[in-house]
Structures are given as structure tokens and as C-alpha cells.
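In what follows, chains carry the letters A, B, and so on, assigned in the order in which the sequence lines appear, proteins first and then strands, with residues in each chain numbered from 1.
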Amino acid sequence: MLDPRTGRLISQGRNMPKVTYIEHNGTPHSVDVPVGTSVMRGAVDNNIPGIDADCGGECACATCHVYVDAAWLPKIGLPEQGSQEGAMLSFAAVAQPDSRLSCQITMREDLDGLVVRMPEGQH
Amino acid sequence: MSNTAKHVVIVGAGHAGGSAAALLRQYGWQGPVTLIGGEPTVPYQRPPLSKAWLKGEHELADLLLRPATFYPDNRIELRVGCEVAAIDRATGCVALSSGERVAYDHLILATGCHARALPLPSSQLEGVVALRTLADADRLRPLLRANSRIIIIGAGYIGLEVAASARSLGAEVVVIEREARVLPRVASGPLSNFFQQRHLAGGVRIITGAAVEAFDDERQRVAAVHLSNGEAIPCDAVLVAVGAAPNELLASAAGLACDNGIRVDAAARTADPAIYAIGDCTHRPVSLYERTYRLESVPNALEQAKQAAADLCGRAPPAPEVPWFWSDQYDLRLQIAGLPFDVAETVVRGDPGSACFAIFHLAADGTVQSVEAVNAPAEFMAGRMMIARRKRVVASRVADMSCSIRELAG
Ligand SMILES: Cc1cc2nc3c(=O)[nH]c(=O)nc-3n(C[C@H](O)[C@H](O)[C@H](O)COP(=O)(O)OP(=O)(O)OC[C@H]3O[C@@H](n4cnc5c(N)ncnc54)[C@H](O)[C@@H]3O)c2cc1C
Ligand code: FES
């Protein structure tokens, strides 16, 4: 079924999964992110500061960089060896072992409650 | 001192204008924000129009900058399908084409560009299209079918991206470029050469050094293109992709300085303290190169949207960014960092034959000025960092693949 307001697919009969984005200064934002939508889109659609997403999700800019909360890292995983995302992150400012590009994480039901933190800057 | 209770009017609801409205709210602007756009659609992203959208791989929701509900939810009055006809700086109003007047305290001009037209009388024929807007893309899409014959005039990024998309849809493609090589103004010689080879291998016919002189029609529908070299090429459709020009008439008619774009400073301010200009329509300082330039890219639109919103909200200005751009054609991801000013030496790193390489452009003292990276995201990211830091390198080390990109950047 399509959400008449956004034109996006909505999962029927289930609760919308939530993602908590924590700004670099510690301010948390918990929002609904529909299944199938990227974690980057969830931040942009809710005007959450700290994610720029210059390229709109094409894995071309690395300005949607987040740190995945340790509890969620096993479920989310790291970028594959030799992937575009991994290569972009290898030179992103302030990258860490738990870094991901949030446009490359697609929301799933089992990610309900996901926590990500934003780096100090995206550029 | 900024007073965040005042009324900001933004003219142009594209990538720059839509982003500026969202950033004003993100930065805490309290007053009314009105976003006025000439197109009938809520702000959307243009890059997919020549790529995924054209190939039918995106939904409308993917194209939108933000969902339609975003604007009312964030107290942004979005007026689409609404053209601003004039700015009255003396009274602080914009006049809409309907005659209505909208008063502003602060005005942001984000009017973008329009596709240049060919100076030919018959370019109004059916089947002759440009590509700037969603409406244009929706006119172009049905013309690209298996075995339909499309002629693309102009081998810039949009022309070549459409060529690649059209080939993947099975259309026959001829690209006509007036200059001697494809991407003549926007890529270095070696990169042009690489893309030309890739398009030839993809089955595109490329004709360089030839100008279009006339169109033939059958019942008002384009049927062939005549070239300056005497050749006539039959076709079902024509895409005119000969570049874009800034929408600056509104500004120049109001007495604001324009010169290939509305003149702005590093905070996106015009000479009128009440008026900012952002995005493709501006001619701006690029501090890294100590020059002014008109950039046409999404990152530029976003950077200037940040500058204007930060200045209005009394926030510290954003750190200057390295200009960059990307293009997708076939299985190739091109990423370009920086601008090729004052280039003394060009070095290729990697083997273009492997379709994974980067071209470094260095100033006389070895400073990295720009990097063109094909399927080489690490080189792009490292290049962007090196350009920002004005890093100097030795050409022979750039070309030496046994020297890792990390060592080079370090
Ligand atoms: C097919 C295509 C592919 C592209 N691919 C890429 C890419 O891969 N990477 C990249 O970085 N960039 C790309 N670009 C460029 C990028 O889309 C532009 O740089 C960007 O859209 C600029 O944003 P803007 O807001 O300044 O202008 P625009 O997005 O053009 O928006 C300006 C808006 O203002 C409106 N307007 C103008 N005058 C008035 C008026 N008087 N009253 C009301 N409204 C008005 C226009 O209708 C328009 O909607 C591409 C562009 C196109 C067309
Ligand atoms: S949005 Fe550009 S890489 Fe994620």
C-alpha cells in the first residue's frame, strides 16, 4: 500500500520501525523510518541536522556518514571488502571502524530501534 | 544582527531553494518562509533525470528532495506553479505573474538555469526536446524505445548520460558535437578520449567537429538532422543538450549585478543586503582557487544554501568546500574533485584500459588542483582531501601504482 501523503510504500499491519539519530552534540532524534527506505532518507525527510547527503543516495559523496551503535553493528554489518562504500569511507573525514554511509543501509523490520551517531562534520 | 522572526521569500523551488527552506528551519529561523516555484512539482532532484529516472528505475518519491508533507509540517509555504515576474526592491516585494504581490524582509534568488536552445528556426518541431525539468524527462522517456533513432546534439554530461541510458533501452544513438572531442569544456583530454571510446564500444555513433544546420520534418515532426559537413541523418527524435544558461533576468532587471550569473560573495549575498542568490544562477567566489566562477552542480547548490541560511540565522559560515561533481554512464562512475585551473601537468594513475583509473591535474609547484576519477572512489576521496589541503605531490609518485593512495595523500 502507498502512503497517500508521501507516495512511499508503507508496511501493512505492523508498527513503523524507529531509528534514533544522535547529533554530534548529543541531541537525539527518534523518528519513524519506513521499511525499504534508507537510513539517510529517514534523516533528510525529518530535517535532522548532521546528514548532508549531497548526492541523494548514490554512494558518491560520503556526506551521509554515520557511526552505527555497537549493539546494532552485528545486524547491520560493515561495508563489503572492495565495495564503493568501503573505498569512500576509507578517506572520509573522521572515519572509524563503525562507520557506514547511511544511504547504503536500507530499513528492515528487524532494525526497529536502530541507533546511529553523526560525526562532527560531513565535509 | 539577524532577526529570525522576519519573512524570507525564496524564488525558485529547485535543489538550492528547497534546501535553503529546510536549512532555515533546521538552523532555527522562526519567521515565515515562502518558497515560490515556477514548476508544478514540489522540489526534486535533477541528476536522476538523465540516469535512473530515464531508465524507469526510480519512483517519484525517490526523486523528491523531501516528501510533499515536509513543507506544511515545517511551516514552509510552498507555492508551486507560480512564476515571479519582478522584484521591487524599493518596496521589498516580489510581483507574481498573476499580479499578486508578496512582501519580503529577506529574499533568496534560487532561479537555476534553463537549457540553451539552438538558434535554428525549426527547433520547435515535435520530437525535438531538451532536458532540464521533470516535464522534459517525461517527454523524452517515451521517445527512447528499442530501435528508435535518437540524435543527441551536444556531448556534455547530460548528452552523454542520456546516450548511455538510451543505449541500455535499446535505442540507436548518434551524438553530434561541434567541438573536436566529447565533453570539450568539462573534462580533460584524456578523460574525453576514454569516454569517447566507451560510447563507441557501447554502439553510439559520435560525430565531432560538425554543427547542426537544419532539421527536416514530416508533418511537423522531426525526421532528419542536416550537418555542416553535408550529411543528413534520419531520426525519430532529437535531444538538444547544448548546455545551460543562468536565469538572471529577474535579478538584472532589478539592478543587481549579473555577469554569467548573479554576482554574490562568499556568504551568497548580493550587493543588496536584503537579497541573497544561490545555486546554478550565481557567479560566486571559489576561494580555494582565488577566482570567481559559475558552478552547475548539486553540491554547489547545497553549499550556497547553507551559506545563505547560516548568514540569515546568524550562525558561523560553513567551511568552504572543494567543488565536486559526479556522472554515471554505463557501468562507469565518474567523480571529479576540484577545478582544473592553472594546470601545468596531468598525470594518469592506473590503467584506463581497466576502466578504473584517476587523472590528477597539478599546478607548476605540484599542488593538486583537480582529480578526475573513474570507478576509483578512494582516489576521488583522497584527491578531494588533498585539494582542500593544497597538498603538493611529485608527478612520478602519482603515476606509480606501487605507491598507495594513502601514502600519496599522507
Ligand atoms: C539532466 C540533469 C542531470 C544532472 N546531473 C547532475 C549530476 O549528476 N551531478 C550534479 O552535481 N549535478 C547534476 N545536474 C545539475 C544540478 O541538477 C543542478 O546544479 C541543480 O539542480 C541546481 O539547483 P538550483 O536550485 O540552483 O537550480 P534548479 O534545480 O534549476 O532550480 C531552479 C528552479 O527555479 C525555478 N524558477 C526560475 N525562475 C523562476 C521564477 N521567476 N519564478 C519562480 N520560479 C522560478 C525553476 O523553474 C526551477 O524549478 C544535472 C542537471 C540536469 C538537468
Ligand atoms: S548520500 Fe551521498 S554517499 Fe550517501
Side-chain angles (χ1 to χ4, degrees), chain A residues 2-10 21 23 27 29 31-34 36-38 40-65 79 82-95 99 101 103-104 106 120-123, chain B residues 15 19 21-23 25-27 44-48 51-52 58-70 72-74 76 297-303 306 318-322 324-328 333-335 373 375-386 388 405-406 409:
Chain A
L2 288 183
D3 181 327
R5 299 180 316 151
T6 63
R8 285 183 193 291
L9 219 53
I10 42 180
Y21 302 82
E23 284 185 62
T27 311
H29 304 263
V31 299
D32 294 338
V33 181
T37 309
S38 76
M40 174 278 282
R41 260 291 179 178
V44 169
D45 287 359
N46 290 286
N47 215 9
I48 294 171
I51 289 195
D52 289 353
D54 285 12
C55 76
E58 295 297 323
C59 200
C61 70
T63 65
C64 63
H65 178 188
S83 64
Q84 165 100 5
E85 182 188 353
M88 294 289 290
L89 276 170
S90 65
F91 283 93
V94 292
S99 287
L101 294 179
C103 68
Q104 302 302 306
T106 304
E120 190 169 1
Q122 294 284 0
H123 285 274
Chain B
H15 220 120
S19 301
L23 286 167
R25 289 293 180 237
Q26 208 180 92
Y27 295 171
Y44 61 90
Q45 316 178 56
R46 292 180 208 282
K51 312 177 184 91
H58 263 10
E59 295 172 43
L60 186 60
D62 300 323
L63 217 55
L64 298 185
L65 212 51
R66 290 185 169 78
T69 46
F70 176 85
D73 287 353
N74 287 277
I76 295 164
S297 73
V298 164
N300 170 63
L302 293 176
E303 183 187 18
K306 277 184 231 159
E321 291 170 21
V322 175
W324 75 276
F325 186 78
W326 80 96
S327 173
D328 292 329
R333 156 67 51 86
L334 168 69
Q335 291 163 295
N375 292 344
E379 269 72 10
F380 165 73
M381 290 294 287
R384 194 160 76 173
M385 190 174 87
M386 290 155 90
I405 184 67
R406 194 162 288 285

Report which part of A:Glu85 has an atom under 4.5 Å of a heavy atom belonging to chain B: side chain, backbone, both, or neither. neither
Honestly, the part of B:Asn74 sitting under 4.5 Å from a heavy atom of chain A is side chain
What do the steps show when you test A:Ile48 against B:Gln26 for side chain to side chain contact (heavy atoms under 4.5 Å, CB included), and what is the final call? CA-CA 7 Å; A:Ile48 294 171; B:Gln26 208 180 92; over 6 Å; no
Carefully, step by step, assess B:Trp324 and A:Cys55 under the rule side chain to side chain contact (heavy atoms under 4.5 Å, CB included). CA-CA 10 Å; B:Trp324 75 276; A:Cys55 76; 4.2 Å; yes
Examine whether an atom of B:Ala382 lies under 4.5 Å from a heavy atom of chain A, and if so say whether it belongs to the side chain, the backbone or both; otherwise answer neither. both
Applying a strict 4.5 Å limit to non-hydrogen atoms, the region of B:Pro299 in contact with chain A is both
Could you tell me which portion of A:Ala92 (side chain, backbone, both or neither) has an atom closer than 4.5 angstrom to a non-hydrogen atom of chain B? both
Within the distance-only criterion (no hydrogens, no angle test), does the side chain of B:Gln335 pair as donor or acceptor with the backbone N or O of A:Ala60 below 3.5 angstrom? yes
Please report the interatomic distance CG(A:Asp52) to CD(B:Glu303), rounded to the nearest 0.5 Å. 10.5 Å
Less than 4.5 Å apart, any side-chain heavy atom of B:Phe380 and any of A:Met88? yes
Which region of B:Leu60, side chain (C-beta onward) or backbone (N, CA, C, O), has a non-hydrogen atom less than 4.5 Å from a non-hydrogen atom of chain A, or is it both or neither? neither
Go through the atoms of B:Leu65 and report whether side chain, backbone, both or neither lie under 4.5 Å from a heavy atom of chain A. backbone
Enter the distance from B:Leu64:CG to A:Arg41:CZ here, rounded to the nearest 0.5 Å. 7.0 Å
Looking only at A:Gly56, A:Pro49, A:Ala87, the option with the highest number of non-hydrogen pairs under 4.5 Å against chain B is A:Pro49
If I take atom CD1 from residue B:Ile76 and atom CG from residue A:Asn47, how far apart are they, to the nearest 0.5 angstrom? 7.0 Å
Of the backbone (N, CA, C, O) and the side chain (C-beta and beyond), which part of B:Ala52 lies under 4.5 Å from a heavy atom of chain A, both, or neither? neither
Of the listed residues (B:Val322, B:Leu23, B:Ile405), which shares the most heavy-atom pairs with chain A below a 4.5 Å separation? B:Ile405
Residue, of A:Gly86, A:Cys61, A:Ser38, A:Ala62, that accumulates the most heavy atom pairs under 4.5 Å with chain B: A:Cys61
Report the distance from atom OG of A:Ser90 to atom CZ of B:Arg406, rounding to the nearest 0.5 Å. 5.5 Å
Given that the side chain runs from C-beta out, which part of B:Lys306 has a heavy atom under 4.5 Å from chain A: side chain, backbone, both or neither? side chain
With a 4.5 Å limit on heavy-atom distance, are the side chains of A:Glu58 and B:Lys51 in contact? no
Determine the option with the most heavy-atom pairs under 4.5 angstrom with chain A, choosing from B:Arg333, B:Met385, B:Gln45. B:Arg333
Evaluate the side chain to side chain contact (heavy atoms under 4.5 Å, CB included) criterion for residues B:Phe70 and A:Asn46: first the C-alpha distance (whole Å), next the side-chain angles of each, then the deciding distance (0.1 Å), finally the verdict. CA-CA 8 Å; B:Phe70 176 85; A:Asn46 290 286; over 6 Å; no
